[in-house]
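The structure under discussion appears below in the form of structure tokens.
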Amino acid sequence: MADRYEPQTFEAKWQARWKAANLFETRQDPGRPKFYGLDFFPYPSGAGLSVGHCRNYIPTDVICRMKFMQGYNVLHPMGFDAFGLPAENEAIKNRTHPGPMIERYAENYRRQMELIGIGYDWSRSFRSSDPEYYQWTQWIFKVLLERGLAYQRMAAVNWDPVEKTVLADEEVIGGLGWRSGVPVEKRSIPQWFFKITDYAQRLIDDLDTVDWPEGIKQMQRNWIGRSEGVQFRMRVAMPHEEKSDEEFEIVERAPHFEVFTTRIDTVYGMTFCVLAPEHPSIETLEGFVDEAHRAEIRAYRENAKRLSDTDRQATTREKTGVFTGAYAINPANGERVPIWIADYVLMHYGTGAIMAVPAHDARDYEFAQKYGIPVQPVIGPAKGVSPETLPFESKDGFLVHSGEYSGLSVAEAQKELGQWFEACDLGTRKVQYKLRDWLISRQRYWGCPIPVIHSADGEIQPVPDEDLPVELPEVEHYEPSGDGSSPLAAIDEWVNITDQDGKLGRRETDTMGGFACSSWYFLRFCDPHNKRKGWDPAEVEYWMPVDCYVGGAEHAVMHLLYARFWTKVLYDAGLVPVQEPFQTLRNQGMVLAPTPFRAPREGETLGVGEEGIQITFEEAHSLPEDQVFHRYEKMSKSKGNVVTPDEIVEKYGADALRLYELFVAPFEQNVQWSNEAIHGQVRFLSRVFKLVDECRSAYDPLWRDAIDTGESSEAGKALRRLTHHTIRRATDDISGFAFNTYVAAMMEFLNGVRDVLKTTPASEIRAEASEMLETFVLLLAPAAPHSADELWDLLGMEGFTYQQDWPELDERWLARETVTIAVQVNGKLRDTLEMPTEADQATLERVALESERVRPHLEGKTLRKVIVVPGKLVNLVVG
RNA sequence: GCCCGGGUGGUGGAAUGGUAGACACAGCGGACUUAAAAUCCGCUGGCCGCAAGGCCGUGUGGGUUCGAGUCCCACCCUGGGCACCA
């Protein structure tokens with residue numbers, strides 16, 4: 001019998017036994033509640049898993065294991081997000097084909113997940129690149145198409161010159177491609193979109209129905225960006241040709257335009273208005289202005305077209321614009337205001353035109369200052385008071401210089417002006433969203449083909465269900481063409497087909513971005529091998545929604561928003577019974593690893609936010625110590641700071657790794673990896689083995705019969721209190737994602753047991769010690785399943801801990817006979833008293849006043865007040 | 001600039017408004033050992049004190065309260081997200 005933790009001798013053995021017993025195969029017993037625990041769909045990188053990834057999988061595994069022991073039918077699947085740019089790029093770099101490559105990588109991921117003892121039901125696994133899977137991705141695409149939620153249009157898109165593809169807005173970070181890190185360019189090509197904007201309001205509203213981190217919800221709300229305002233028409237007016245410059249007339253033939261504002265209360269302060277350079281009305285407007293203005297407009301628009309989005313949206317950039325020579329009429333007061341064109345107004349938001357109120361908007365103010373446009377304050381901090389400094393952007397104010405609306409608060413004025421604009425048919429109150437439609441087209445090979453045929457007459461036909469999947473053709477060369485077309489377009493024998501009616505047609509050659517594949521995989525896990533349907537409705541009805549969804553916060557907007565959108569579309573189509581896919585969501589913190597840097601040398605410059613030049617570990621060793629410093633960074637292959645579970649399991653064992661990752665910090669918090677602190681877990685497990693080894697001769701499997709009839713000794717009682725106290729803590733902590741305190745509770749359990757056994761050997765309290773041993777092993781099982789099974793076996797028990805019932809709490813043992821009462825004088829602790837639990841207030845007060853440690857602090861003072869919290873403390877207030 | 005988190009010993013961290021520092025790591029002392037490792041026992045926030053004990057202490061400054069790491073206000077630092085969205 002091992003009296004210490006020797007993982008090499010048993011971890012592989014138990015993993016093999018679990019596999020042979022199909023232990024984690026999904027159970028669907030009637031009469032049991034269900035629990036669906038899911039991890040984010042991983043892309044299996046060639047670098048394999050790091051201990052950082054494990055921080056996602058281990059906690060979910062702990063919860064799923066406890067839920068199963070508590071009697072739930074647990075669905076805990078794993079599959080691989082194999083399609084998409086990362087896989088294709090890695091394959092190109094390795095000069096191989098993405099298909100077989102990703103298969104190897106996925107196998108390696110699975111090996112590592114098994115190495116750390118994660119209890120997945122592998123019989124349900126799939127890859128998003130399996131034709132049996134993407135057949136149904138294509139089928140869902142058609143559902144969207146039929147419902148008018150998928151469409152193709154020419155679009156200026158984010159073109160990533162390195163990836164040679166189009167990126168979704170969400171994949172452009174600060175004007176740079178999210179993977180390539182280079183500035184994206186504008187290009188105009190036909191693109192497929194999903195109309196997620198139709199669902200904007202529901203995507204906001206239903207966040208209230210799910211248990212997600214508040215920060216993630218807020219990020220989604222911000223991304224969708226709802227704002228309420230008024231949209232109204234500006235009529236164009238030109239100087240009267242035969243009269244003086246001061247007289248104007250409305251030109252009905254001119255292109256009147258609409259503006260959107262959230263600050264209708266400031267409408268009297270409008271001193272100009274601005275059109276985006278791409279605004280379609282400008283072309284007509286040019287016909288009404290003189291030659292000089294026309295030339296300026298054209299020059300400005302040409303220039304704007306050439307600017308990249310990054311340059312245009314750089315916040316440090318000074319605003320630019322041109323006066324058109326035309327004017328518009330402010331409908332609120334009939335005053336004329338000049339019409340400008342400026343690229344700080346964006347065509348894709350609102351109407352692409354704004355009313356500019358420089359007194360109350362920082363951007364308009366900056367522009368007005370630069371071009372000498374008047375500024376008219378209309379909101380002040382108090383009634384009848386003008387603001388002292390401009391711009392005055394606060395909404396906590398009152399209107400001035402606003403006709404009959406002067407004196408109203410901002411809130412009142414927004415309401416009344418909105419009503420007035422609507423009553424006079426000047427405009428309408430409107431809700432705007434920042435969210436834009438989801439660009440799904442990728443001009444790349446390694447993705448799910450869009451199941452559409454373009455017939456010769458230009459019609460778009462979905463591929464019939466019976467012809468799905470549209471399989472990716474096997475090809476030698478799949479590298480992106482670089483001309484904006486998919487490499488699939490070059491495969492004539494695949495592209496050119498005859499449709500059902502015998503007409504010639506061309507297949508759509510774009511593929512879907514990877515986020516499409518991960519927007520429904522959680523449904524497929526409910527019924528992964530269905531050949532006739534994407535899923536059996538009964539299976540999805542049974543398992544959905546996901547009860548516990550765990551992954552990194554970096555998918556806060558993209559994946560989670562898309563998956564919610566698809567679920568809602570499928571709900572509307574009557575295909576799934578839930579409107580939200582993920583009931584509870586939690587984000588694990590990252591594992592950061594020390595990464596070497598050195599100071600820049602002559603001629604080297606640091607980028608924004610950089611503190612040094614990142615170097616390899618080899619280089620760090622070759623440099624003098626004072627030239628190298630370390631920073632904790634996210635683990636990544638490119639930084640060379642990856643710690644793999646393989647090396648940790650090899651050295652310390654899987655259970656020590658699992659415990660360490662659970663214990664090291666709160667679940668949601670980032671942690672700094674250290675190879676040293678893990679020793680504590682090895683030590684803990686060794687002491688557990690030692691305890692079981694010492695006590696097992698006293699172990700009686702029939703302890704239940706003896707324990708409630710027999711009289712307990714003091715030591716026996718202490719042991720039982722400890723046991724049941726820990727059942728409560730472990731159960732609550734695991735349920736509440738407090739894995740660090742769960743492990744701490746187990747350590748305290750061990751320490752407490754050892755204290756009891758110092759005075760009373762286990763053989764004298766056999767029943768209580770047996771209950772303790774069994775409970776200890778079972779409570780430990782979710783976190784350290786290999787050790788738990790080994791210990792279970794050493795106790796002479798049959799089967800796996802996973803199959804045992806979770807220990808049952810007996811609340812009677814939570815009650816204590818005595819409690820420690822804190823005695824304070826003026827809030828400062830002066831003594832602690834061991835008192836019977838049921839001691840009443842008067843008793844506590846009396847004993848507190850008698851305390852020898854307390855009395856010196858009362859001398860010469862008057863007792864003014866006594867606070868007694870039974871079971872807790874006595875506070876004597878003196879003065 | 002706006003929206004979220006977070007600042008507690010040498011380190012990771014614990015603490016329903018009620019004994020701050022649980023549980024660990026590291027360190028120090030001791031036992032065992034020829035020795036080391038491993039293991040076991042003890043100490044370990046700062047200052048004063050031989051001790052008993054006292055004073056200070058949860059980023060800073062105020063406030064509420066009998067009592068504040070926890071609640072409120074202002075500020076500083078830090079991590080993340082968004083960013084010309086009218």
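Order of the sequence lines sets the chain letters (A, B, ...), proteins ahead of strands, with each chain counted from 1. Bear in mind the structure is a predicted one, so any value in this text is a computation, not a measurement.
- Pair assignment for B/rG1 gives B/rC82, based on Watson-Crick or G-U wobble hydrogen-bonding distances that are each under 3.5 Å.
- Using N1 to N3 plus N6-O4 or O6-N4 for Watson-Crick, or N1-O2 and O6-N3 for G-U wobble, each under 3.5 Å, B/rC75 pairs with B/rG59.
- Contact annotation: the side chain of A/K434 never approaches that of A/W223 to less than 4.5 Å [non-hydrogen atoms, C-beta and beyond].
- Closest to the side chain of A/N740, from the set B/rC41, B/rU16, B/rA14, is B/rA14.
- Taking the C1' atom of each, B/rG5 and B/rA86 are spaced 29 Å apart, rounded to whole Å.
- When ring centroids are compared, A/Y365 and A/H360 stay outside the 6.0 Å threshold.
- When distances run from any side-chain atom of A/K319 to the nucleotides B/rC84, B/rA14, B/rA86, the shortest one goes to B/rC84.
- Put simply, the side chain of A/R263 does not reach to within 4.5 Å of the side chain of A/V357, judged on heavy atoms.
- Using a 4.0 Å heavy-atom criterion, one finds that A/P666 contacts the sugar-phosphate atoms exclusively.
- Only the P atoms considered, B/rG57 is 23 Å distant from B/rA51, to the nearest whole Å.
- Ring geometry for A/Y371 against A/W340 counts as tilted: the plane angle lies between 30° and 60°, on a 0 to 90° scale.
- The separation of B/rG69 from B/rG18, taken at their C1' atoms, amounts to 13 Å, rounded to a whole angstrom.
- If you check residues 745-753 of chain A against RNA chain B, the residues with a heavy atom closer than 4.0 Å are A/M747, A/E748, A/N751, listed by number.
- A donor-acceptor contact shorter than 3.5 Å is absent between the side chain of A/K430 and the backbone of A/G350.
- When the C1' atom is compared between B/rA22 and B/rA14, the two are found 5 Å apart, to the nearest whole Å.
- Taking atom P in both B/rG6 and B/rU16, the straight-line distance is 14 Å, to the nearest Å.
- Summarising the base pairing, B/rU39 is matched to B/rA31 through a Watson-Crick or G-U wobble pair whose two defining distances lie under 3.5 Å.
- The side chain of A/K872 sits closest to B/rG18 out of B/rG18, B/rA83, B/rC23.
- B/rG59 and B/rA52 have their C1' atoms separated by 35 Å, with the value rounded to a whole Å.
- Across all strands shown, B/rA51 remains unpaired; no Watson-Crick or G-U wobble contact has both distances below 3.5 Å.
- In the set B/rA86, B/rG81, B/rC40, B/rA86 carries the atom at the smallest distance from any side-chain atom of A/V345.
- Here A/F663 and A/F684 keep their ring centres 6.0 angstrom or further from each other.
- B/rG9 has its base syn relative to the sugar, with a glycosidic angle deviating from 0 by at most 90°.
- Checked against B/rA86, B/rA14, B/rC40, the side chain of A/L346 finds its nearest nucleotide in B/rA86.
- Tested against A/H725, the residues A/R721, A/R729, A/R728 include a single side chain to side chain contact (heavy atoms under 4.5 Å, CB included) partner, A/R729.
- The backbone N or O of A/V877 sits nowhere less than 3.5 Å from a side-chain atom of A/K865 that would complete a donor-acceptor pair.
- The A/A677 side chain lies nearest to B/rC25 when the options are B/rU19, B/rC25, B/rG13.
- Across all strands shown, the partner of B/rC66 is B/rG18, judged by Watson-Crick or G-U wobble contacts whose two distances both fall under 3.5 Å.
- Across B/rG46 and B/rG9, the matching P atoms stand 12 Å from one another, rounded to whole Å.
- Here B/rG18 is the nucleotide among B/rG13, B/rA26, B/rG18 with the atom lying nearest to any side-chain atom of A/Q824.
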